[in-house]
Amino acid sequence: MSPMSSFSTPTGHDDVRHGNDHAEMALESLVNTNNMGALYLEANEYADAARYFHRALELSDDTLSSSITRAQHEGLSVSTHIQIPQQLGCKALKTLYIYQRGEYDEGMHTFSEPVRVEASPSLHLDCQSIKVTVLYNLGQLHVWLGEDDEAIEFFYKALELIQQGHLNGEQQTTSCNNKGGVSLIAILHNLGHIQYRGGHYSKAMSTYTSALRVARHRFGTYHIDVASTLNCIGVLYFHMPRAETEKAMGLYLESLAIRRAVLGDEHRDVATTLNNIGRVHYMNGEYDKAMSMYKDALRIRRMVLGSDHLDVAATVYNAGQTYHQQGELNKAMELYEEFLGIARARLGSKHRDVAIMLKCIAQIHHEQNKFEKAMELYTEALVAGREALGDEHPEVASIMNKIGNLYYEEGNFDAALKTYLEGLEVERSVLGEDHPNLTVTLTNIGQIYKHKSEYVLALKHYHEALTIQQKLLGSSHPNVATTLSSIGLLNYQRGHYDCALNVYQEVLCIRRSIFGDDHLDVASTLNSIGLVLFKLSLCEFALDSFMESLRIRQLLLGRDNRDVAIIMYNIATVHFDRGDEDEAMKFYRETLRIEQAALGHDHQDVVLTLQHIGQVYQQQGELTEALEYFEEALCTERKIYGSGSVKVARTLNHIGNIYLQKGSSKEAMRSFTEALRLFRQLGKSDDDLVIAGGDFYGMSLVHPECAPVA
């Protein structure tokens, strides 16, 4: 071999090495550009992050197509021509409704940080693998900006590179904190999370299931990525339109076992899963179990995150909500106030969750009958809600509904009606015509019109609610039966007894088909049917209906329950109307015994029964015994209503008539005089005093007044 030929070989080798130097420089520039973008994104400098990520994407495309030049390597210094998408120029966008819980950790944010890459020979990086990371980081940028439509495009592009075979996804790193780049599992998690936030639960379930399959194949059972994915799937089951709490619980428990084994008992991810388990127990009405989970989660979160962290606030709220359900109002209030302090400090006063918490605190005052304070807080919640969410938002409508309820309980029906109607318009605007929330508001409006004796309008709104329920739930659902029952009651109160009977019979069929014969709702419907039959003078059929209702209530509640007394009272009244005074007396006495045991002696129902027993004695001509019961009723009324009540005046009037019937004119005159004095004092006419006339007896409608639906 000649010297010339032997010299030519190293010359060619130098050319190859020079080319490799350019490739290494290109990779180094690409890595540095991506990492600068990640740095800016972590600092919430969104426009600068976008500039670097888009430049990195250009560099990756250039490197794949041709050798990079030094001018391109210095490109950032002269890259002012790069056009940043206009919507990225701002640092903050208003949070959308689908992110209403984005501030709090359900365990769905495992892969939510930008990824940096280290250009190390041991990692065997190439331009295509770095491009996947850049695409992923652009997806993260748009997620941080609340632009899911744009984000999902970049995540799909990253996924496509892997699926095309450019990269073996299962060989990629699995942690977004790993210096080697982004993983297939991380991409799938982000796609699933966007689908979840958008309400596409079946798509999200499919995506997370794929992530779980990859994680288990790559790492086996006991790995943090497996635990994270199990938790995410559990969250999906929990939030589905029909929550599958049993499946969610199984997944949470499996995730918890792995996290404790890998991370230890005091890790924040363990606290997250404990908090999620507590929410399942809460949804299932298992409040003691829920509280146990919340306390453990709260202890860990306070220790790891500090007392002013939003995740601490989330568990504080959950624990407060649980105390609220358990009736521990003071403990609930203490935790609600703590949440409010953290939320105001971290989120500001004009935030959705500040409005929600003000509503919760107001509700406690409401339940404690502190109406003035409750109204003050509801109003503050409404202002905060409107500032945070605008006038047309479901949460704004919810607060308005609570305000309407408060007006209702204060007896301010006009103000309640106005508030309910405003809330209904908001709900229709944002939720559509067939949303279940509308049935609550429509029912409340119907209840107001019923109290105002505007029965046609009341029926109109109840029928609207019924139409929505039947469309969403079908014709044989407990909620449908409840609304039909209200419609039956309205027809009863209007005196449309045939119509009421038909509706109640439909209710009875639904409830028996759902619950069977021996159920309290069936007993209640039979009582209503009995009342209608009594009004139709079908006393035998009324008694049959009442007796079957009595049988069910005694079976399920025992013999000494107040609801048993109600049926006894109605049965007694039917017997009395038929002239069967002995049977009437038997049932009235049993009614009185139960009421005094269940309600105490100083109760208005006891007064009514005492008066009816007195009437039976009066009808039988046993006037001394009749006076004894009316005098006892009078004494109780004075305790309940005070001596200046119209009820006291009427009882005195009736006692005067019994004395007159006995021929005791002096005692009769004394009672009449006192009754007349009270009538005049109360602004009544002298004609309200009835002497030896009128029928004191009247069949009482034993339907408890319905409170507005919360």
Side-chain angles (χ1 to χ4, degrees), residues 368-372 408-413 451 562 565-566 568-569 572-573 576 584-585 588-589 591-705 707:
Q368 294 174 330
N369 294 323
K370 300 175 182 177
F371 291 159
E372 185 175 348
Y408 177 95
E409 291 178 38
E410 289 180 322
N412 190 346
F413 297 137
H451 273 286
R562 180 187 182 184
I566 289 173
M568 290 276 192
Y569 176 92
T573 304
F576 188 36
M585 183 64 78
Y588 277 138
R589 285 188 181 279
T591 300
L592 182 62
R593 182 193 67 78
I594 298 170
E595 286 176 340
Q596 288 178 333
L599 306 173
H601 288 256
D602 299 335
H603 191 278
Q604 59 185 4
D605 288 357
V606 172
V607 170
L608 194 60
T609 306
L610 286 167
Q611 290 171 337
H612 275 75
I613 292 173
Q615 269 185 250
V616 175
Y617 278 125
Q618 185 180 5
Q619 191 81 4
Q620 293 174 328
E622 299 181 31
L623 301 181
T624 301
E625 289 80 0
L627 279 170
E628 179 184 334
Y629 279 91
F630 274 106
E631 291 284 1
E632 185 177 349
L634 177 64
C635 181
T636 305
E637 281 181 324
R638 282 172 169 159
K639 290 179 183 178
I640 297 172
Y641 306 114
S643 296
S645 164
V646 68
K647 292 181 182 292
V648 169
R650 287 172 179 159
T651 303
L652 282 166
N653 189 162
H654 198 83
I655 289 171
N657 280 319
I658 296 175
Y659 276 123
L660 192 61
Q661 190 175 347
K662 283 185 69 177
S664 303
S665 56
K666 182 178 179 181
E667 289 81 358
M669 187 59 66
R670 185 173 64 247
S671 295
F672 287 146
T673 300
E674 188 176 355
L676 184 59
R677 180 184 62 80
L678 286 176
F679 281 134
R680 288 173 175 174
Q681 183 178 310
L682 292 165
K684 302 290 184 181
S685 165
D686 288 358
D687 293 337
D688 285 309
L689 184 70
V690 179
I691 299 178
D695 180 13
F696 184 82
Y697 155 73
M699 175 68 175
S700 295
L701 173 61
V702 188
H703 268 292
E705 290 296 332

Taken in chain and number order and not counting sequence neighbours, the residues that satisfy side-chain contact (heavy atoms from CB on, under 4.5 Å) with Thr673 are Met669
Value for CD (Gln615) from CD1 (Ile658), rounded to nearest 0.5 Å, stands at 8.5 Å
**OP:** Please examine the side chains of Phe672 and Leu676, heavy atoms only from C-beta on, and report whether any two atoms are closer than 4.5 Å.
**Re:** no
For Arg677, the salt bridge (charged side-chain N to carboxylate O under 4.0 Å, His left out) test, sequence neighbours excluded, returns none
Residues passing the salt bridge (charged side-chain N to carboxylate O under 4.0 Å, His left out) test with Asp686, sequence neighbours excluded, are Arg680
Sorted by chain and residue number, the side chain to side chain donor-acceptor pair (under 3.5 Å) partners of Asn653 (sequence neighbours excluded) come out as none
Sorted by chain and number, sequence neighbours left out, side chain to side chain donor-acceptor pair (under 3.5 Å) with Glu410 holds for none
Run the side-chain donor-acceptor check on residues 621-636: report pairs under 3.5 Å with partners two or more places apart or on a different chain.
{"residue": "Tyr629", "atom": "OH", "partner": "Arg589", "partner atom": "NH1", "Å": "3.0"}
{"residue": "Thr636", "atom": "OG1", "partner": "Glu632", "partner atom": "O", "Å": "3.0"}

Compile the donor-acceptor pairs under 3.5 Å between side chains in residues 592-602 and protein atoms, sequence neighbours left out, one pair per line.
{"residue": "Arg593", "atom": "NE", "partner": "Glu590", "partner atom": "OE1", "Å": "3.2"}
{"residue": "Arg593", "atom": "NE", "partner": "Glu590", "partner atom": "OE2", "Å": "3.3"}
{"residue": "Arg593", "atom": "NH1", "partner": "Asp560", "partner atom": "OD1", "Å": "3.1"}
{"residue": "Arg593", "atom": "NH2", "partner": "Asp560", "partner atom": "OD1", "Å": "2.6"}
{"residue": "Arg593", "atom": "NH2", "partner": "Glu590", "partner atom": "OE2", "Å": "2.7"}
{"residue": "Glu595", "atom": "OE1", "partner": "Thr609", "partner atom": "OG1", "Å": "2.7"}
{"residue": "Glu595", "atom": "OE2", "partner": "Thr609", "partner atom": "OG1", "Å": "3.4"}
{"residue": "Gln596", "atom": "NE2", "partner": "His601", "partner atom": "ND1", "Å": "3.2"}

Shortest non-hydrogen pair, Phe413 vs Tyr408, comes out as CE2-O, 3.6 Å
Nearest heavy-atom contact between Ala649 and Ala675 is O-CB, 3.5 Å
Is a salt bridge present between Asp688 and Arg650, judged by a nitrogen-to-oxygen distance below 4.0 Å?
no
Requested in this report: Take Tyr659 and Ser665 through the side-chain hydrogen bond (donor to acceptor under 3.5 Å, both in side chains) test and state the conclusion after the steps.
Outcome: CA-CA 7 Å; Tyr659 276 123; Ser665 56; over 6 Å; no
(message) Pairing donors with acceptors under 3.5 angstrom, does anything connect the side chains of Glu637 and Ser645?
(response) no
Residues 665-675 vs salt bridge (Lys or Arg N to Asp or Glu O under 4.0 Å), sequence neighbours excluded, gives Arg638-Glu674
Contacts of Phe371 meeting ring pair (Phe, Tyr, Trp, His ring centres under 6.0 Å) (sequence neighbours excluded), chain-then-number -> His366
